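Quick note: numbers below take in every heavy atom, side chains included, and nothing from hydrogens, waters or symmetry partners. These figures come from a predicted structure and were not determined experimentally. Just so we're on the same page: letters track the sequence lines, and every chain starts at 1.
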There are 2 protein chains.
Amino acid sequence: MTTEQDRGEARCNQVLDAAATCFRQRGFHGASMAELARAAGMSVGHIYHYFENKEAIIAAIVERDVAEILALLDSLHDEEDILQALIREAGNEMEESPCSDEALQVEILAEASRNPKVAVTVHEGDRRARTRLAETIASGRARRGLPPLADLEARTEIIIALFEGLMLRRIRHPKAVDDATIAVLRSTLHTLLET
Amino acid sequence: MTTEQDRGEARCNQVLDAAATCFRQRGFHGASMAELARAAGMSVGHIYHYFENKEAIIAAIVERDVAEILALLDSLHDEEDILQALIREAGNEMEESPCSDEALQVEILAEASRNPKVAVTVHEGDRRARTRLAETIASGRARRGLPPLADLEARTEIIIALFEGLMLRRIRHPKAVDDATIAVLRSTLHTLLET
DNA sequence: CATTCTAGATTGAACATTCATTCTATTGCG
DNA sequence: CGCAATAGAATGAATGTTCAATCTAGAATG
């Protein structure tokens, strides 16, 4: 039973991995099921053995994305100095090569703006993410012996906005990365996190 | 001749206004030409009298968007205190009702991430926008008697990231608007613009 | 003035293509 | 052998675009 479940799950992931690639390149509605099938190394008809329809695949991709973001936030708890790790990571994120996930992220947001089911997942995922980030920041400050913030949620919101804006910058201005910009970013985060 | 040009332009704008509405609701590739025609009050075939194909309509919408952003930046020059106007406007933007243009903005970015022609327009528009914003900030500081910034471009980049992130927040967390968040936003912008 | 003509504007059905999904036949495995 | 996994052609619907037919408005004519 476990082996069969594993195999089923592996096949689902095979589809989803392929779907993520196709969706990233072509968008949710530009990528056809035929393309997904090719990329997954599976027949078109067989995809429907694992997913009810294309919309179910889209929903699964969105949920996966939410889970990844939450896992990333979780990993911050392992850092000795959480605040420094956040600041460091922001700069590192900015230096990432542009072939990462902003295309898929933007597609998810575009879909959320017009598909109520996706919007629900995105909103719930966001609620959990910002709660977790707020806790993480509070925890990091406590470790540093800094006083609790009265405006913790507000600062969290602005920090998230900044991170999300940086992602968009990678589409609009892919060459934005330089030392000065990273320095301003880190200084801004320092103000938001450590003062 | 002028009247005919005007009529042609009016008809083009009729199509583009309708297209913007349909694209906002359904996305570039979810909205059909039949829907655009209905919304424009024009026959499907006649749209092709004004635009070569659907892609030309998409391109025109993107260019329109770029022009609007640049016009908005231009209007800042009329302010007595440019820096304060920027800070004030940021808070006002945040308070906007969520039925504004983030859906179309995100769709444009999604398209730019996978359509090279749109990407060129978006990149060029961004280059002009950030140049103009940097000049505006420099001008605002000069009016205040503040010293020029060595890291002007870097600060501009982070400010743009923040504005763009706020737009995404309207999709992910539509209820984010409260006084505390606006206060943090304005404080952050104060640091970036006025110190 | 009424009628006719002409050219441009306009329509929407037709067309060819593509799509998401279904379903029958085949394959693989225990 | 029987059942589950799998393939891919078939299906019906939807799409972007074309094009022949029709409409409209203004000029020309008697």
Side-chain angles (χ1 to χ4, degrees), chain A residues 1-62 107 110-111 114-118, chain B residues 1-62 107 110-111 114-118:
Chain A
M1 173 71 92
T2 303
T3 306
E4 283 175 16
Q5 266 186 330
D6 285 350
R7 177 158 171 80
E9 200 170 315
R11 294 291 265 174
C12 282
N13 282 329
Q14 192 173 330
V15 175
L16 291 179
D17 290 344
T21 299
C22 295
F23 288 155
R24 198 173 283 123
Q25 289 172 359
R26 313 264 281 125
F28 284 142
H29 301 290
S32 67
M33 294 301 286
E35 284 172 78
L36 260 66
R38 256 190 315 272
M42 194 186 289
S43 73
V44 180
H46 199 49
I47 292 188
Y48 293 88
H49 181 76
Y50 298 105
F51 295 93
E52 190 185 347
N53 49 35
K54 189 175 183 179
E55 188 157 335
I57 298 176
I58 290 170
I61 289 280
V62 174
E107 189 68 16
E111 188 72 18
R114 63 174 102 92
N115 175 336
K117 283 189 192 173
V118 170
Chain B
M1 173 71 90
T2 302
T3 306
E4 285 176 15
Q5 265 187 331
D6 284 349
R7 175 155 172 82
E9 199 171 315
R11 293 294 263 175
C12 282
N13 282 329
Q14 194 173 329
V15 174
L16 291 180
D17 289 345
T21 299
C22 295
F23 289 155
R24 195 174 285 125
Q25 288 171 357
R26 312 265 281 126
F28 286 141
H29 301 291
S32 66
M33 294 301 285
E35 282 172 82
L36 261 66
R38 258 189 314 269
M42 194 185 291
S43 73
V44 180
H46 199 48
I47 293 189
Y48 294 87
H49 181 75
Y50 297 104
F51 294 93
E52 191 186 345
N53 48 36
K54 188 172 182 179
E55 190 158 335
I57 297 175
I58 291 170
I61 290 280
V62 174
E107 189 68 16
E111 188 72 17
R114 63 175 102 92
N115 175 335
K117 285 189 191 172
V118 170

Participant: Describe, in one word, how the ring planes of B:His49 and B:His46 are oriented to each other, choosing from parallel (under 30°), tilted (30 to 60°) and perpendicular (over 60°).
Facilitator: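 The rings of B:His49 and B:His46 lie parallel, inter-plane angle below 30°.
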Participant: Figure out the NE2/P separation between A:His29 and D:dA13, and round it to whole Å.
Facilitator: 21 Å
Participant: In whole angstrom, give the distance that lies between atom CZ of A:Arg26 and atom C1' of C:dC19.
Facilitator: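 Between C1' of C:dC19 and CZ of A:Arg26: 12 Å.
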Participant: Is there a donor-acceptor pair under 3.5 Å between the side chain of A:Lys54 and the backbone N or O of A:Ser32?
Facilitator: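 Judged by distance alone, no pair lies under 3.5 Å.
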Participant: Describe the nucleic acid contact of A:Phe51 in one word from base, sugar-phosphate, nothing, applying a heavy-atom distance below 4.0 Å.
Facilitator: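 The answer is nothing, as A:Phe51 stays clear of every strand by at least 4.0 Å.
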Participant: Which nucleotide in the list D:dT17, D:dA7, C:dG12 gets nearest to the side chain of A:His46?
Facilitator: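 Nearest to the side chain of A:His46 among the choices is D:dA7.
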Participant: Look at the side chain of B:Glu107 and the backbone N and O of B:Gly27, then say whether any donor-acceptor pair between them is shorter than 3.5 Å.
Facilitator: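 Between the backbone of B:Gly27 and the side chain of B:Glu107 there is no qualifying donor-acceptor contact (under 3.5 Å).
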Participant: Could you please name the option among C:dA20, D:dT6, D:dG16 that lies closest to any side-chain atom of B:Met33?
Facilitator: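 The nucleotide sitting nearest to the side chain is D:dG16.
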Participant: A:Ser43 has a side chain; which of D:dG16, C:dT21, D:dA7 sits nearest to it?
Facilitator: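 Closest nucleotide among those given: D:dA7.
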Participant: Could you please name the option among C:dT21, D:dT6, D:dT17 that lies closest to any side-chain atom of B:Lys54?
Facilitator: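 It is D:dT17.
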Participant: Tell me: CE of A:Met42 to C1' of D:dG8, nearest whole Å?
Facilitator: 14 Å
Participant: Given that B:Ile47 and A:Asn53 both sit by DNA chain C, which one's nearest nucleotide is further toward the 5' end?
Facilitator: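 Of the two residues, B:Ile47 wins.
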Participant: CD of B:Glu35 versus C1' of D:dA14: gap in Å, rounded?
Facilitator: 11 Å
Participant: In terms of side-chain heavy atoms of B:Tyr48, which of C:dA20, D:dT18, D:dT6 is nearest?
Facilitator: D:dT18
Participant: In this structure, how many angstroms lie between the P atom of D:dG8 and the CG atom of A:Leu36, rounded?
Facilitator: 16 Å
Participant: Give one of base, sugar-phosphate or nothing for B:Ala31, where a contact means two heavy atoms less than 4.0 Å apart.
Facilitator: sugar-phosphate
Participant: Could you let me know what D:dG30 is paired to, Watson-Crick or G-U wobble, both distances under 3.5 Å, or none if it's on its own?
Facilitator: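 The answer is C:dC1, by the H-bond criterion.
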Participant: So, do B:Gln25 and B:Glu35 sit near enough that their side-chain heavy atoms are less than 4.5 Å apart?
Facilitator: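 Not touching, per the 4.5 Å side-chain cut-off.
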